[in-house]
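All values derive from a computational prediction rather than experimental measurement. A, B, ... follow the sequence lines: proteins, then strands. Residue 1 opens every chain.
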Amino acid sequence: MAEVRVRFPPSPTGYLHIGGARTALYNWLFARQHQGKMVLRIEDTDEERSTQASIDGIIDGLRWLGLDWDEGPYFQTDHAADHVAAAERLLASGHAYKCFCTKEELEQKREQALAEKRDPGYDGTCRNLGAEECSRREADGQAAVIRFKVPRRPGLLFYNDEVLGRIERAYSDVEDFVIVRSNGKPLYLLSNVVDDIRDRITHIIRGQDHMTNTTRQVLLYEALEAPLPVFAHIPLTLDIQKRKISKRSHGEVVAVQFYQERGFLPWALCNFLALLGWNPGTEQEYFSREELTATFSLDRINRANSVFNFKPGDDKFFTDPKLIAINEHYLRNLDPEQLGALVQPVLEQAGLWDAAYAGPRRSWYLDTLVLIRDRFHTLNDFAEAGRAYFSDQYDIDPKPLAKNILKHPELKTWLPQLAARFAALSNFNLESTETSCRQMADELGIKPGVLINAMRTALTGQLAGPSMFDILITLGQDTVVRRLSRVDHLYAS
RNA sequence: GUCCCCAUCGUCUAGUCAGGUCCAGGACACCGGCCUUUCACGCCGGCAACACCGGUUCAAAUCCGGUUGGGGACGCCA
């Protein structure tokens, strides 16, 4: 069997969004599964909207997700000559013709058709212009586009879609579409096919929004006498109102970069995206790269569109809750070394990284991450809610401050007293700290919880956290004593 | 207006091709409980869906037809 070759062809007119990322993921999985190749091709033929920033953003996004490619990035504009040559061939073989209708004329006809509730497609005005007439108009200086001459055959045009099955359309429903602009620049419909033929693409996995393009491109393959690749049209990703996800109307929450900045694990996003429109047919929901690559298949892609369930303005569910849950799952179950590697850049960014975490304090670093990760949602939490584990400079959350400390003014003296008891311990461990804490509460006639919760707030700034005595041991005797001795500032304002 | 695609819990979905084992299974979310020095994690339990109508059949979520609903496309954008 011939080598599987797929491609991911973004147009650089904006950042990489989750729909595009999922398309890239499905292509990548398919290529890897078949030991095939993935080509990255930047389709930059829209000169007005293409930007270098978009190109960089898309490439960064793919790299962050870990979706690597084997060839490219190729740039579509580098192959404009191929596209024009193909158009010339189509003209010569009678598969295309020159059309002198102006934009204005066409727009007017289109509007009129729509207003009269008629089909707005091209009416074929220039389809049968004679060679002489063409030459005359060209000599006259009239600009012309090149249109593909859709065969006027009876019957149906079709292709077999790996996801949707046989897709049919009457020839008469396909209008003569433009393949080259009047300024000589080729258009997507043509360029895309010419490039896919040259790049020997065997499988085209793309969104269902391309289905009408596919019916037209099938004709192009035929006219160019090239073998038809396999098509797989994947369902679209919609918002809660069932609108197609787009960069302009949904903002950053649909941008891959947003998840990178928010501290999501790249593989968690991939895992989520894989499940948005595909399932393995078993109840497994978490997959390693290897597992997903082995399990993925085009025929288990859903036919129906799926909803990316996020509510703008919701603090807790700022993105799809399932994505958050998957991210938390990986946060909690990742091997400590892998987690350590992911957290390192976050701590570095926050100025909390200590070179010793890669050396003598490696095990302390990893143990600490494992201790605190159960309550976290993203990697960023390690530098925010988890800041006190890595630095003496941390904020005290006002809520627990009021509830656990200010509520009991006596703590202003109790905490330093507790610090003194801890300082006196020759063996600072789980048992000794708990015993002395409970003893003190007993002597004062208060519940141990008063001291414990006050300590948690003073030592970590947080309302919630791991078992208090685990925290003590993790922070170490010196830090605990230092922080508990100086609680005056908590009462400052 | 035309063409194409789709339709199971709030969301992602299993089951549909090969009708019965489905008064519909899982996950997330939500609610309750257990655990507990806090909050989580974890565990246990609960709520919640076959769009509608008709046909075929002993039997339909599953097959057929229609209706409704949703989406996509109809650019000298990609």
[atom1] spacing across the pair [N] / [M], given as an integer number of angstrom:
N	M	atom1	result
B:C74	B:C58	C1'	49 Å
B:C34	B:G15	C1'	34 Å
B:C5	B:G65	P	13 Å
B:C47	B:G1	P	44 Å
B:U56	B:C28	P	44 Å
B:G69	B:A51	P	16 Å
B:A14	B:U8	P	10 Å
B:C41	B:A49	P	26 Å

Nucleotide N/O of nucleotides 3-9 of chain B paired with protein N/O under 3.5 Å:
residue : atom : partner  : partner atom : Å
B:C3    : O2'  : A:Arg169 : NE           : 3.3

What does the B/S/- profile of nucleotides 32-49 of chain B look like, 5' to 3', with a 4.0 Å heavy-atom cutoff to protein? -----BBBBS--------
Considering every strand shown, what is the Watson-Crick or G-U wobble mate of [N] when both distances are under 3.5 Å?
N	value
B:U38	none
B:C63	B:G55
B:C43	B:G33
B:G69	B:C6
B:G1	B:C74

Of the listed nucleotides ([options]), which one gets closest to any side-chain atom of [X]?
X	options	answer
A:Ser306	B:G71, B:A29, B:U13	B:U13
A:Thr45	B:A27, B:A78, B:G1	B:A78
A:Lys242	B:A78, B:G70, B:A14	B:G70
A:Val307	B:U11, B:C28, B:A78	B:U11
A:Lys117	B:A14, B:A29, B:G1	B:G1
A:Lys322	B:A14, B:C28, B:G71	B:C28

If you look at every strand shown and take non-hydrogen atoms under 4.0 Å, does [X] touch a base, only sugar-phosphate, or nothing?
X	value
A:Gly277	sugar-phosphate
A:Arg110	sugar-phosphate
A:Glu107	nothing
A:Glu285	base
A:Val178	sugar-phosphate

Side chains of [X] and [Y]: is there a donor and an acceptor less than 3.5 Å apart?
X	Y	answer
A:Tyr330	A:Asn271	yes
A:Asp239	A:His250	yes
A:Arg300	A:Asn279	yes
A:Thr215	A:Arg169	yes
A:Thr378	A:Asn380	no

Establish, for the pair [X] and [Y], whether the NZ or CZ atom is under 6.0 angstrom from the six-membered ring centre and no further than 45 degrees off its axis.
X	Y	value
A:Arg22	A:Tyr26	yes
A:Arg387	A:Tyr394	no
A:Arg147	A:Tyr122	yes

Between [X] ([atom1]) and [N] ([atom2]), how many Å, whole number?
X	N	atom1	atom2	value
A:His83	B:A78	NE2	P	11 Å
A:Leu106	B:C77	CG	P	12 Å
A:Ile240	B:G71	CD1	P	13 Å
A:Ile234	B:U13	CD1	P	12 Å
A:Glu48	B:G75	CD	C1'	13 Å
A:Leu238	B:A73	CG	P	11 Å

What is the ring orientation for A:His83 with A:His79, classed by angle as parallel under 30°, tilted 30 to 60°, or perpendicular over 60°? tilted
Fit a plane to each ring of A:His95 and A:Phe148, take the angle between them on a 0 to 90° scale, and name the class: parallel (under 30°), tilted (30 to 60°) or perpendicular (over 60°). parallel
[N], OP1 or OP2 - any side-chain N/O from [X] closer than 4.0 Å?
X	N	result
A:Lys244	B:A73	yes
A:Asn302	B:A14	yes
A:Arg300	B:G15	yes

Please step through side chain to side chain donor-acceptor pair (under 3.5 Å) for the pair A:Thr319 and A:Arg262, ending with a clear verdict. CA-CA 11 Å; A:Thr319 188; A:Arg262 280 283 196 137; over 6 Å; no
For residues A:His329 and A:Phe272, establish whether the separation of their ring centroids is below 6.0 Å. no
Would you kindly check whether a donor in the side chain of A:Asn213 faces an acceptor in the base of B:A78, or vice versa, at under 3.5 angstrom? yes
Want to settle it: does A:Arg49 or A:Asn279 sit nearer the 5' end of RNA chain B, counting the closest nucleotide to each? A:Asn279
Considering heavy-atom distances to RNA chain B, does A:His210 or A:Arg118 have its closest nucleotide positioned more toward the 5' end? A:Arg118
If the condition is side-chain hydrogen bond (donor to acceptor under 3.5 Å, both in side chains), which residues does A:Tyr97 pass it with, not counting sequence neighbours? A:Asp176
